[in-house]
Every structure is written in structure tokens, then in C-alpha cells.
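Numbers here are sequence positions counted from 1.
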Amino acid sequence: MRILYLGIAAALAGCSAQPHPQGGHGPARGRGQLFISPMGEPFRASLKPGAAQDLWFAGADTDGDGRITMAEFQHDAARFFAVLDRRKDGEIDPDDIAYYENVMVPEIRVASGGRGPRSEGGERGRGGRGRGGGGSGGQGMQFGNGDSKKGATVHERIGAARYGFFDLPEPVIAADANLNRGIDSGEFAKAAATRFAALDRNHDGTLTRGELPRAGGETWRNGSDEPTAPPPERRDR
């Protein structure tokens, strides 16, 4: 009985264990919270509400002083850019984006409805990808936490907007400023600067936990938006 108890305890601990923010971006297992960082990085946790968001904050706050500076924010963005740039050719290309959307964080996939993507400026892209950028009438940098204190029209948050700070259904391709279906390090850094400025609501050059909205909170199953394994086939009798 003691062996059985220890085995169950170990299994539960394994479900709660999270990868270090600087690695381990493969498909997750189990059930818990999902948080999409400002630059699109997925964080998952099965602890108290807000734990997934806190994982990102702790990783970005490299000196542990409880504040994220612009330099730390840009460092965090550059680190994730290197993760996304799987061929190390200096660009997040369509293959990298497909891996991000289908393997790293499939929860953000949404149907296009025939609409092309938007850049963060709100311009609709050419030809094709339907997992677009900003999705709120060109105001792609609106917070995605459902607040409507100013009487704005309430609309359904889709894709990554359900799990992050901004109304960006696909925050990686939203950084594609020239709409050439690729994101270089300069574009990613520029997007990081824009997003940092939007989050720095008191304009003091730093982000604190209390300054940031609470985001995410929706649940995920088996690291995918697909149903769990189907039941076994029934044999004819």
C-alpha cells in the first residue's frame, strides 16, 4: 500500500512540474492553465489561478527584483525568437509558424472564415494565412482580458487572445510588419517594444505584477484543443 501511495504522489507531482521558461516547449500533458506571453510563448501550470502568468513573469524578470524592464522584456523576446527560429536562419518562416501553431500551442488555432491576417497596425495581409494578428477592428493592441469599461463593443476573443494580455489571435505573425510571411529579429524586437509600451500603463519604464492585467485562465486538455483519446472500438458480437 505504501508503494502504491508513493507512486500516486509521484505521478501527481509530475503533472504539476513545469518546464523552465527557457525551454521545454513541446506538447504539454495533463490539464491546467494556459498563459500566452506578450510575445506568444505558451506557459502552462496546474497550480493556483495566475500561476502560468507568474511563470512567464519570473522568467522575464532576470534579476528577480519584481520588475521587468524594457531590456529584460527585449531579452525575453529575443530568447523566444531563437526558440521559434528552428533553422537558425534569422527568420521565423512559415514552417516555423506552422510548428508554433500546430505543435507548441495548438489551442490558439482558429478558423479563418476567409479572412487574411492582420499586422499589429491592423492592416489585413495578402493572400492567406487565416490565423491572423489583431482581431478587433484594427485595434490589435487592445487588452484581451474582456474589460469593456468604456462601453466598447464586446466581441468574442479568439486564438491566443483568450489566454494573453492582447487581442492578438496569433501574436507571432502579428509581428510581421511588412506582411512578407516571415518575421525577422528586427520586426520581433519592434513588436516587443510596442507591446511593452502598451503594458507600461504608468509609463515608468518597468512592468510590475500589480500593473499587469490577469489573463488566461481557460483550461486545456492534453496540450491540445482536440478531444481526448476516443473510446476503443467495439467489436461486433
Side-chain angles (χ1 to χ4, degrees), residues 15 18-46 52 55-56 76-120 124-135 140 144 156-176 179-185 187-188 191 195 215-230:
C15 290
Q18 297 302 312
H20 191 278
Q22 305 218 7
H25 298 285
R29 295 289 182 267
R31 180 182 175 90
Q33 304 164 40
L34 169 63
F35 171 69
I36 303 294
S37 82
M39 298 310 297
E41 185 172 10
F43 290 83
R44 296 177 172 88
S46 57
L55 282 175
W56 164 72
D76 191 60
R79 174 190 56 77
F80 187 48
F81 181 91
V83 171
L84 293 170
D85 181 16
R86 300 172 69 227
R87 293 196 292 183
K88 308 305 177 188
D89 58 0
E91 181 179 73
I92 302 171
D93 58 33
D95 287 341
D96 296 326
I97 292 170
Y99 184 86
Y100 169 70
E101 295 175 353
N102 295 310
V103 178
M104 290 179 63
V105 56
E107 296 93 335
I108 72 172
R109 293 180 299 187
V110 296
S112 68
R115 296 171 296 177
R118 292 180 186 271
S119 68
E120 291 193 57
R124 199 175 301 280
R126 296 184 296 273
R129 291 189 68 84
R131 301 184 179 98
E156 181 184 3
R157 291 177 291 149
I158 59 176
R162 293 177 293 169
Y163 308 106
F165 295 142
F166 299 116
D167 191 6
L168 296 173
E170 215 289 24
V172 174
I173 63 172
D176 180 12
L179 304 174
N180 69 345
R181 295 173 58 82
I183 302 101
D184 61 33
S185 59
E187 288 176 310
F188 211 65
R195 298 176 195 184
E218 299 198 12
T219 57
W220 47 272
R221 294 179 175 86
N222 299 323
S224 172
D225 57 355
E226 299 297 329
T228 54

Fill in: Minimum heavy-atom distance between G164 and F35, given as atom pair plus value
CA-CE1, 4.3 Å

Worksheet item: What heavy-atom pair brings R181 and D176 nearest, and what distance separates the two atoms?
Response: N-OD2, 2.9 Å

Discussion item. Among L84, I108, V105, exactly one meets side chain to side chain contact (heavy atoms under 4.5 Å, CB included) together with V172. Which residue is that?
Written reply: L84

Worksheet item: Which atoms form the tightest heavy-atom contact between W56 and S37, and what is the distance?
Response: CD1-CB, 3.6 Å

Worksheet item: At their closest point, which heavy atom of F80 faces which heavy atom of P42, and how far apart are they?
Response: CZ-CD, 4.3 Å

Worksheet item: Any side-chain heavy-atom pair from E41 and V83 closer than 4.5 angstrom?
Response: no

Discussion item. As an exercise, state the distance from CZ of F188 to CD of E91, rounded to the nearest 0.5 Å.
Written reply: 13.0 Å

Item to complete: Supply the atom-to-atom distance R162 CZ to L34 CG, rounded to the nearest 0.5 angstrom.
Response: 9.0 Å

Item to complete: Please report the closest heavy-atom contact between P169 and D167, naming both atoms and the distance.
Response: CD-O, 3.7 Å

Fill in: Sidechain-backbone polar pair: R195 side chain, F165 backbone, donor-acceptor under 3.5 Å
no

Practice prompt. Using atom types as modelled and distance alone, determine if a side-chain donor or acceptor of Y100 lies under 3.5 Å from a backbone N or O of I92.
Written response: no

Worksheet item: About how many Å separate CZ of R86 and OH of Y99, when rounded to the nearest 0.5 Å?
Response: 5.0 Å

Worksheet, complete the sentence: Closest heavy-atom pair, P171 versus M39, reported as atoms and distance to 0.1 Å, is CB-C, 4.4 Å

Worksheet item: Which residues satisfy the side chain to side chain donor-acceptor pair (under 3.5 Å) test with D184, sequence neighbours excluded?
Response: none

Worksheet item: What residues form a side-chain contact (heavy atoms from CB on, under 4.5 Å) with D85, not counting sequence neighbours?
Response: F81, D89, D96

